[in-house]
Amino acid sequence: MSDSKPHDELETLRHSCAHLMAQAVQELFPETQVTIGPVIEDGFYYDFSRDQAFVPEDLEKIQARMKEIAAQDLKIVRHEISRAAAIKKFDDMGEKFKVEIIGAIDDDEPLSVYSQGDWSDLCRGPHVESTKQIKVFKLLHTSSAYWRGDERNPVLQRIYGTAWNTEKELRVYLKRLEEAKKRDHRKLGKELDLYSVSDEIGPGLILWHPKGARIRHLMEDFWKREHFKNGYEMVISPHAAKIDLWKTSGHTEFYKENMFPNMNIEGKEYVMKPMNCPFHIQIFKTKLRSYRDLPLRFAELGTVYRYERSGVLHGLLRVRGFTQDDAHLFCRPSQIEEEITRVLELIISILQSFGFFEYKIYLSTRPEKYVGAEESWDDATKALENSLRKKKLDFEVDPGEGVFYGPKIDIKIKDSLGRHWQVSTVQVDFNLPERFNISYIEEDGQRHQPIMLHRALMGSLERFFGCLIEHYAGAFPLWLAPVQVILLPITDKHADYANKLAQRLEASDIRTEKDLRNEKIGFKIREAQLQKIPYMIVLGDKEVDSQTLAVRKRRSKETRTLDFDSFLGELKSSIDSRRIDSES
RNA sequence: GCCAGCGUAGCUCAGGGGUAGAGCAACUGAUUCGUAAUCAGUAGGUCGGCGGUUCAAUUCCGCCCGCUGGCUCCA
């Protein structure tokens, strides 16, 4: 089986490698049935039907067998086969999943079988010519998956692997995996004392430790300043509301499976909020709005609670309570494009400030099931598209992938390891204005329904923080570093000078720590380095005598001797410009 | 939630049917030192929880909780 994308050479190799693996598995474990084995980013997987799961030792055996089969130089041959013959062939082999696959293929599409030695598989191809060409590969891990991704279907055993043209490419890839492991925000979160989750509190609920919270405050402060500058007003809403609000909004109908169950307060049902929008709408509704008031931009760092199945929780990236950097814009239809453009500008500017310069942007259009008039959808989609073009942002259209209430733009950031994370989103909403029956008075003196836009830039602060940790491998740029400077006196004779400097730095809003412990300087440097503190200041007799600082940066071993003012000047210029360079 | 694996000191991990061990961290003392680990000592654990098997369970079994890798979904 294969996906429908055109195959490049490496994909063909990987696909053939998946076949090679399937052959090895069936030779070693004859009771196993094959299903599908597509190419994925950086490798491939194959789903097998088998009662027992594969264990790591099995992977070694399978991999060894693959090497043997590859060495046999089996020619990989394609033949077309009639539908009836195909069904009979795979039915005889007891491959009931393959039979099912054939049943799902269009009648007019030719069926092909690829054989290598006595092993064959239904497959569209293409494949390499011989098993011998598959030299560089490694099986990575196993997991389970449902047949066709549906949990009502049988459970399959999946094996993931990777294949490359050269040993060197494989080594580079494995190195990248290792690097990603080192940068894992869960590992760094512990090592740098940024956050934790507690069994006693509950899974998916984050405790921000002082250093993590420090960064969060910096993120929030920056975010708020930028929003005030850009014509937003801050609102604050509670964490729970009566169930009726969510009935009106439609959440109990469309979002129920993601909501925390109701709680009963004096006989009334309340629910933790999974979104902020209904609250902002209530604020909009507290008075009669004129077209002169629009656009109205309500922003909130709003903490929401969503039920996520326990198995999907993941560090900071997938949690049950998180804070969205949310905003809802109410505008006239003619203002959509301008507003979207402004949102896009703000998104790009903020993401760049945090060090993300590459994006993948998706425009999702009307799905099959939708609310609102077709014409409004077309206009809004056009407005989104125009804004993207005006800002010269490359994007892909995801046809029919919009949410039922309106078209949207999603933005994924690319981190320093080339991984993509969904963060920003801008969505047009035709549903809530209708459900809550909101209106404003137009120039014509009549009530009109405003257009409502939802948008988030960082998405969730938790997730964004997780991305930041991994993007910087914990070595935050100076403006974000929880501790910016650490003072390291060589002996306790120099402690007074350190205290004095600390005071002066703190008075200038520099986040400063001092290490007055009775330890050798090498030890203090090592710890500061492991804590990824941007600036280490060594203070000994020389510095005290000359009233200077021996400055060592986290990324270089060189030290420079600076006076206080020029050191402070260097810090300030980096902080004020939110510099993201490898040096700071 | 489902499949698989894991859960031993604050952290990283070893061990294993006869009620536990290392390194780092913590604490105490000595050392006052110039750019990635100074030395010595002390203390620290109902071996995730609850049941079961057994003369005896941290070890074997069951259930529960949590974590990890996936499946599905999404900020």
Side-chain angles (χ1 to χ4, degrees), chain A residues 45 47 50-56 58 140-160 184 186-187 190-191 193 196-204 255 257-258 274-276 302-304 306-326 403 410-412 421-425 427 454-467 488-495 517-531 536-543 550-554 556-559:
Chain A
Y45 68 78
D47 283 346
R50 180 177 186 242
D51 289 340
Q52 253 183 310
F54 294 103
V55 295
D58 292 338
L140 297 172
H141 53 265
T142 57
S143 87
S144 77
Y146 299 103
W147 172 236
R148 308 221 136 133
D150 189 328
E151 64 191 47
R152 288 165 301 194
N153 287 341
V155 167
L156 305 175
Q157 304 301 330
R158 176 172 296 181
I159 302 178
Y160 286 90
D184 191 311
R186 292 165 302 181
K187 182 171 139 70
K190 207 180 277 180
E191 286 171 4
D193 197 13
S196 63
V197 281
S198 153
D199 288 4
E200 292 175 60
I201 290 170
Y255 209 71
E257 66 280 12
N258 277 299
M275 293 188 189
N276 303 301
T303 304
V304 297
R306 298 185 184 174
Y307 166 71
E308 297 282 356
R309 299 153 123 203
S310 55
V312 306
L313 299 173
H314 182 91
L316 291 170
L317 301 181
R318 199 63 189 281
V319 295
R320 284 182 177 158
F322 59 97
T323 301
Q324 293 181 306
D325 66 322
D326 209 357
V403 246
D410 285 325
I411 299 185
K412 291 186 179 182
W421 307 92
Q422 153 88 56
V423 288
S424 316
T425 183
Q427 310 181 349
H454 307 251
R455 45 111 285 188
L457 316 186
M458 298 185 265
S460 109
L461 294 182
E462 284 74 7
R463 174 178 291 181
F464 198 76
F465 183 41
C467 295
L488 309 172
I490 288 177
T491 75
D492 51 17
K493 274 194 303 194
H494 313 111
R517 293 176 301 172
N518 178 9
E519 294 289 352
K520 299 216 282 200
I521 195 66
F523 181 80
K524 295 183 182 182
I525 295 266
R526 177 185 153 81
E527 291 211 334
Q529 196 76 47
L530 290 174
Q531 284 299 306
M536 287 162 257
I537 310 299
V538 176
L539 304 167
D541 287 339
K542 262 191 292 180
E543 288 72 28
V551 177
R552 175 186 166 129
K553 280 188 174 189
R554 141 181 93 189
S556 70
K557 287 185 179 168
E558 285 168 43
T559 60

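Order of the sequence lines sets the chain letters (A, B, ...), proteins ahead of strands, with each chain counted from 1.
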Measure NZ/A:Lys553 against C1'/B:A36 and give the value in whole Å, please.
19 Å
Give a yes-or-no answer on whether the side chains of A:Thr425 and A:Gln427 include a donor-acceptor pair shorter than 3.5 Å.
yes
Greater than 12 external heavy atoms within 6.0 Å of A:Glu257's CD:
yes
In whole Å, measure the gap between the C1' atoms of B:G45 and B:A20 for me.
9 Å
B/S/- contact track for nucleotides 66-75 of chain B, protein heavy atom under 4.0 Å
SSSBBBBBBB
Rounded to the Å, how far apart are A:Arg517 CZ and B:U38 P?
10 Å
Are there runs of at least three consecutive Watson-Crick or G-U pairs touching RNA chain B, with each pair's two distances under 3.5 angstrom? Give them by first number.
B:1-7 with B:65-71, B:10-13 with B:21-24, B:26-30 with B:38-42, B:48-52 with B:60-64
For the P atoms, the ones on B:C61 and on B:A4, what distance do you get once it is rounded to whole angstrom?
15 Å
Which listed nucleotide (B:A36, B:C2, B:U38) is nearest to the side chain of A:Arg526?
B:A36
In whole angstrom, give the distance that lies between atom CD of A:Glu543 and atom C1' of B:C33.
14 Å
From the candidates B:U35, B:G1, B:A37, the one with an atom nearest any side-chain atom of A:Tyr307 is B:G1
For B:A14 versus B:A9, give the span between their C1' atoms, rounded off to a whole number of Å.
13 Å
Using the P atom as the reference point in each nucleotide, state the distance between B:G66 and B:G49 in Å, no decimals.
15 Å
Rounding to the closest angstrom, what is the interatomic distance between B:C24 and B:U38 at atom C1'?
15 Å
Can you tell if the side chain of A:Arg463 reaches within under 4.5 Å of the side chain of A:Arg318, non-hydrogen atoms only?
yes
State whether A:Lys190 places a side-chain N or O below 4.0 Å from either non-bridging phosphate oxygen (OP1 or OP2) of B:U12.
yes
Do any N or O atoms from the side chain of A:Arg320 and from the backbone of A:Glu308 form a donor-acceptor pair under 3.5 angstrom?
yes
Could A:Arg148 and A:Asp150 be called an ion pair, given the rule that one side-chain N must be under 4.0 Å from one carboxylate O?
no
For B:A36 and A:Arg552 - does any side-chain N or O of the residue sit under 4.0 Å from the phosphate oxygens OP1/OP2?
yes
If you assign each of A:Val551 and A:Asp51 to its closest nucleotide in RNA chain B, which residue comes earlier from the 5' end?
A:Asp51
